Every structure is written in C-alpha cells, then in structure tokens.
Amino acid sequence: MSNMKPNRILVTSALPYINGVKHMGNLAGSMLPADVYSRAMRLMGHEVLYICATDEHGTPAELAAAEAGLSVSDYCDKMHNAQKAAGADFKLSYDYFGRSSSDATHRLTQDFALDLETNGFIEERTSQQVYSIADGRYLPDRYVEGTCPNCDFEAARGDQCDNCGKLLDPIDLINPYSAVSGSHDVEIRETNHLYLKQSEMSGRLRDWVESHRADWPALTTSIAMKWLDEGLRDRAITRDLTWGVPVLGADGNVREGFEGKVFYVWFDAPIAYIGATQDWAKATGGDWEAYWRTDKGANDTRYVQFMGKDNVAFHTLSFPTTILGSAQPWKLVDELKAFNWVTWYGGKFSTSQKRGVFMDQAIDIAPSDYWRWHLMANAPESSDAAFTWEDFQANINSDLANVLGNFVNRITSYCVKKFVGAVPDGGIITDAEKWIEAELDMRLPQLVKYYEAREFRKAMAETRAIWAAGNEYLTQAAPWTHYKTDVDQAAMGVRVGLNLVALFGVLAQPIIPDAAKKILDAMNIPEENRTWTFRGAGACLNALPIGLNISAPPVLFTKIETDDIEAWTERFGGEG
RNA sequence: GGUGGGGUAGCUCAGCUGGUUAGAGCGCAGGACUCAUAAUCCUGAGGUCGAGAGUUCAAGUCUCUCUCCCACUACCA
C-alpha cells in the first residue's frame, strides 16, 4: 500500500552527549521518533539503516569524569554502556550504536579537516582565551565567571550575564575566576586555532536550504535561514583540550603548534554518523559506502535526520559546510525532522539540574511501550509540548488499555470461550463488515502517508482511530447477540474481529513493539506475515486461515492508578 | 535587544494555497449494550478562533499595531 518504491534509507538521530543518561525530552525529540520511523519503513519493505552514537568529546565529559573520579576514557566507556542499555530498555532499534571516540571517526575527522584546508575552507587564526593556572586548562566561555562589565553582577558567566542578559566575551569580565575550581588564578593567553570558513559557504548553503523549503518542516528551514540572514560567522573548530580528536598535519603527525589541542566536538560529532556507519560495516560486513558516498550508490539512498531544534544549525549549516567544503562525494541530508521541547511543569527538562524524568528512572515506573506511545502521541512537532502525569495516565488508560488492550481481550477471550480458540468459518457479509472494510480502506493509506511524512502525532491519532473502529465494528456486528440464534453469523463477527486483532498488532509494531509482539504471538502470526503489505482491507479481514488456533493474551496494559501518579509526582517533584 | 515558534471548546491539539452551520481526542452529561481491563458504542452540551484595526463579496486562514507564553542567540552540548 505504500506509494514509495522500496528504498534504501539512512536514518540518524542526534548524538546523545555522554555525560549522563538522557531525559524523556531527549528521547522524545530524536531517538524515539527516529526509531518509530525506522521501524515503520522496515515494515514497508525499505532497506533501513538506523545509526546513532554517543557524543563523547568536549569539556563537560572531562569535568564529569573528574567528578566521578574516573579517567575520561573509563568514564566514557561506562556512560556509553549505560546509554546503550537505556536505549535497549526503550527498544530503540539501532542498527548500530557507535561512539564518536572510535578510530573511524578520528580518522574521518582528520581527513575532512585536511580536505577542507586544501580547498581553502580552513584557516589558522589566533584568539584570546582564558587559561586557569590552578585547573591547568583553558576554560570555555561558560566556565569562566566574574563581574559583569555592564551591570556589576558578580556571578556573570563568560558568555552571557544572567542578571542583565548582555552577551559577553569572557576576556571582558572583571575579576574573572574559574567556574570549575573557583580559582582566581587565571590569565588571558593567545592561542592558535583552526577556523571553518562558513561565511564563504553561505551562498551554496542558502541555495540548498531554499531548495528544501517545500519538503522540510518550517521549524527546520526557519532556523537555518535565520542564521544565514544574520550572516554566517567563521567558527573555531579546535579547542585547547586533550580529550578528543588530535589535529594532524598533512604528514600524518600532530600539526605544528597543535599539541594539546583537539577538534571541537561539533566538528567531529556529525562526522561520527559516518564513522559509526563504518564501524557498523566492519561489524556486520555491510556496505557503508552505499549510504555515504554518492559515487558508490548513496545517490539512491534517502538520508533522514532527527534532532531537537537546538541542533538544527549544526545540521543545516556547519556539517553541510564540512561536507560541501571537502569537495568529496559525501552524502548530504535529504530530510531533516526537527522537534521542539517536551516541557516539564513549566520549565525545560534539565540534565544538570536533574529536573524531570530520565530514561533509567522512567523504565523503572512504567513499561517502555507506555512511554513510547505517550511521547509519540504528544510529540512536540509544532511547538513545545507539556508533559504532565495526568495526561500520561489519561493517554495510557484510554488509548492503550481501553481502546486497544480491551479490544484484543474481549474478542480473543470470547473466541476461546465460544469457538474453542480457533478462527471460525461461516456467516454472511452484512453492513457491519462493509462498514469496517470501507473504514480501513480509507484509514490505512492515510496512516502510511503520515508515517512517510514523519507526522507522528497524526500517525498516532490515525492508529488510535483504527483501533477504535474495531470496537465500533464489534458493537455493530454484536456476535454475542447472534450467537443465541445464529452461530454462523456470530462466527463472522468473531472471525473479522480476530483478523482486526492481528491487523492492530501489525500496525502497533513501530510504536509499541512489546505489546505488538504479544498480540501477534497470541494470534500465531508467523514473522514473515507481520510486514506492512496491505492489499486492501478485504484481504486484511480474511488473512487468518480458518481453524487457526489463537489464544487470549494476558492483560496487555495494566492501568495507571491515581495513586501511582501521586507517588510519581511526589518522587519527581512534578509540581515544581 | 534580535530572530523564530505559539496563543483555536475545561485540558492537549488539527485546521494546506482565505469560501457552506470551526474539527479530533480526553474530560463532562444523557442513552445503548453486556463479549471485555466498570471496558465499549451512540448522542449531546461547550468556542465573539489572544486584543484592536485594515484588505476582501468573503478571514481562524492575508496585512499592520498591541499583548502574553516558549525557544534560540554559535566556541557546554
């Protein structure tokens, strides 16, 4: 039923930063929709490669490691595994979950830099940075604090004063000190860095973004155009750190004057999409070039990126500058889906302030299916979306427990009771069957369209409407009434009902894979028949062979009680 | 300050290039049914589409002004 030819699709979700298990906002805005999309496309028969990785470089990783009393490398190993486990708990179907610290990404990053410099897009410049003698390191803007030169606020950060809001340069702070150690023993040093000359790419980037106005969400193009309209600035792509990708010269040795410097995370992080694909190829024997090299088949690949809105500039401007500037046949993104934030009782989720619910805690209080359904049904697509426990409870109880779970339960248990748990034969087509067939003929293509367009809220609403139509069908067909006088006609209602259960299980797979599997297993549907190859509603309603043994699965979705959400509100400070 | 997004039924949101009585889900009220996780199905109440002005035969949908909320503002990611 899909109107697309089978395709090769590369899916990436923005790389989660290494310094902690991600919160539900991160999950909802990149990894989860990428996973739901990947699953749906696989079911439609496309060849999908879903790549993600931990983003491991940068100052916060070093500081978090120090706080944890571990070496940066050990810390990253530990947190990578924790994030990998959290992803598995939420059933994220990565084909490969890599690391930006891998050898492949290091090498690619260095190669990109050399190509860019060859083509004139990289230039070495001198800048002034605050150096903390006590900490033995240069301090990024935000880690320098001091008195605001504008309003005399004493705890202004190096990039912006929280009191008067003025944007600052850390070297202008009065009485600066290190936010890391509190030491005032800091000085301004001159240091050399490589700059990516994005300004010279503006024209090509603008044309490219313009060409996607029709097929990218407004959120994506508007953010990109905003930067272009303000004028792209050249950005330093190296930092005075030790943890990261070393800067090499053309001879393969550390570039002169760049000892103790590495590439900035936002230069190498997107390159890790490629590096992780190479690592996937190494692990599986797959062909990474078919996804990334336009001279090796990647022109036939559709590349779809998922990310929160904070990442749009990097994915529409910085990374494309890297790709285009290299003058090598690298694949550019085709579809870019950006999300707003899930907000938490009036504010943002915050990793540093531990506000909100984190993936490891969430899985502790409710099954992954519950979160997956709720976060997708309320995806922050057009604006920020508020998370509340009350909405969570209402969504799960109504949509999953009452509409889907109860439907599966009522018809399967009735079949077991009255028709010995086998798909029964008999009965004639009535208005009820005609109605549900027409309903499905209208809704199934619509659902496919929503998935292809990555309209998640609408896809979820359509899925729910299809489940609800099953309940309406049963009300119309009323097999329990026919059973008293005409067992054959009751059989018709039960048989169509069971076929609907199977169909609902098939449709549920991208969103709630655990429950979907329970349903399909109970209906004895073989793996190969679980794909999305709809041949019209008529076929869907006659898919199960007569006599097939089915069972009534145990309760699929336990309801969330008000006591539960009160306890969660207490535990997570929901009213905060 | 600048830029972007948003302000549509009690709540969460749909409403493409302007065009019949503004839609959905939840919640609420009434009814039906009894196979089912007191589930389900039907019906209904409820909105001056943030405020004001303008363009138009016609505006939630375009223009301007005002107002409120949120995000971003590049070297933390």
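Not measured: the values here are computed from a predicted model. Here is the naming used below: chain letters follow the sequence lines, and residue numbers restart at 1 for every chain.
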Worksheet item: So, for A/Phe387 and A/Trp389, is the gap between ring centers shorter than 6.0 Å?
Response: yes

Worksheet item: What's the CD1-P distance between A/Ile396 and B/G27, to the nearest Å?
Response: 14 Å

Worksheet item: Hey, is the side chain of A/Lys458 poking within less than 4.0 Å of OP1 or OP2 on B/C13, counting only N and O atoms?
Response: no

Discussion item. Let's test your reading of the pairing rules: Watson-Crick or G-U wobble, both distances under 3.5 Å, then write RNA chain B as a dot-bracket string with ( ), [ ], | and dots.
Written reply: (((((((..((((.....[...)))).(((((.......))))).....(((((..]....))))))))))))....

Item to complete: Check every strand shown and say whether A/Val265 touches a base, only sugar-phosphate, or nothing at a heavy-atom separation below 4.0 Å.
Response: sugar-phosphate

Worksheet item: Do the ring centers of A/Trp371 and A/Phe392 come within less than 6.0 Å of each other?
Response: yes

Worksheet item: For atom P, what is the distance between B/G27 and B/U40, given to the nearest Å?
Response: 8 Å

Fill in: Between A/Phe314 and A/Phe319, ring centroids under 6.0 Å
no

Discussion item. Would you say the rings of A/Tyr17 and A/His57 are close, in the sense that their centroids are separated by under 6.0 Å?
Written reply: no

Fill in: Euclidean distance, A/Trp480 CH2 relative to A/Leu474 CG, rounded to 0.5 Å
5.0 Å

Item to complete: Look at all strands and tell whether A/Asn406 reaches a base, only sugar-phosphate, or nothing, counting heavy atoms closer than 4.0 Å.
Response: base

Worksheet item: Where each residue is assigned the nucleotide of RNA chain B containing its nearest heavy atom, which of A/Ser413 and A/Asn340 is assigned the position nearer the 5′ end?
Response: A/Asn340

Worksheet item: Counting just side-chain N and O atoms, does A/Arg464 come under 4.0 Å of either OP1 or OP2 of B/C26?
Response: yes

Discussion item. Check this one for me: any side-chain N or O of A/Asn395 less than 4.0 Å away from OP1 or OP2 of B/U12?
Written reply: no

Worksheet item: In this structure, which one of A/Thr321, A/Leu196, A/Thr322, A/Asp234 forms a side chain to side chain contact (heavy atoms under 4.5 Å, CB included) with A/Met201?
Response: A/Thr321

Item to complete: Could you check A/Leu241 against A/Ala469 and say which one's nearest nucleotide on RNA chain B is further toward the 5' end?
Response: A/Ala469

Discussion item. Under 4.0 Å from OP1 or OP2 of B/C70: is there any side-chain N or O of A/Lys309 that close?
Written reply: no

Practice prompt. Using only side-chain N and O atoms of A/Tyr264, determine if any of them is under 4.0 Å from OP1 or OP2 of B/A74.
Written response: no

Fill in: Ring centroid separation A/Tyr264 to A/His193 under 6.0 Å
no

Worksheet item: If we require ring centres under 5.5 Å and near-parallel planes under 30°, does A/Tyr414 stack on B/C35?
Response: no

Response to the item:
Side-chain atoms of A/Arg457 come closest, of B/A77, B/A74, B/C13, to B/C13

Item to complete: Could you check which of B/U34, B/A77, B/C11 has an atom nearest any side-chain atom of A/Pro60?
Response: B/A77

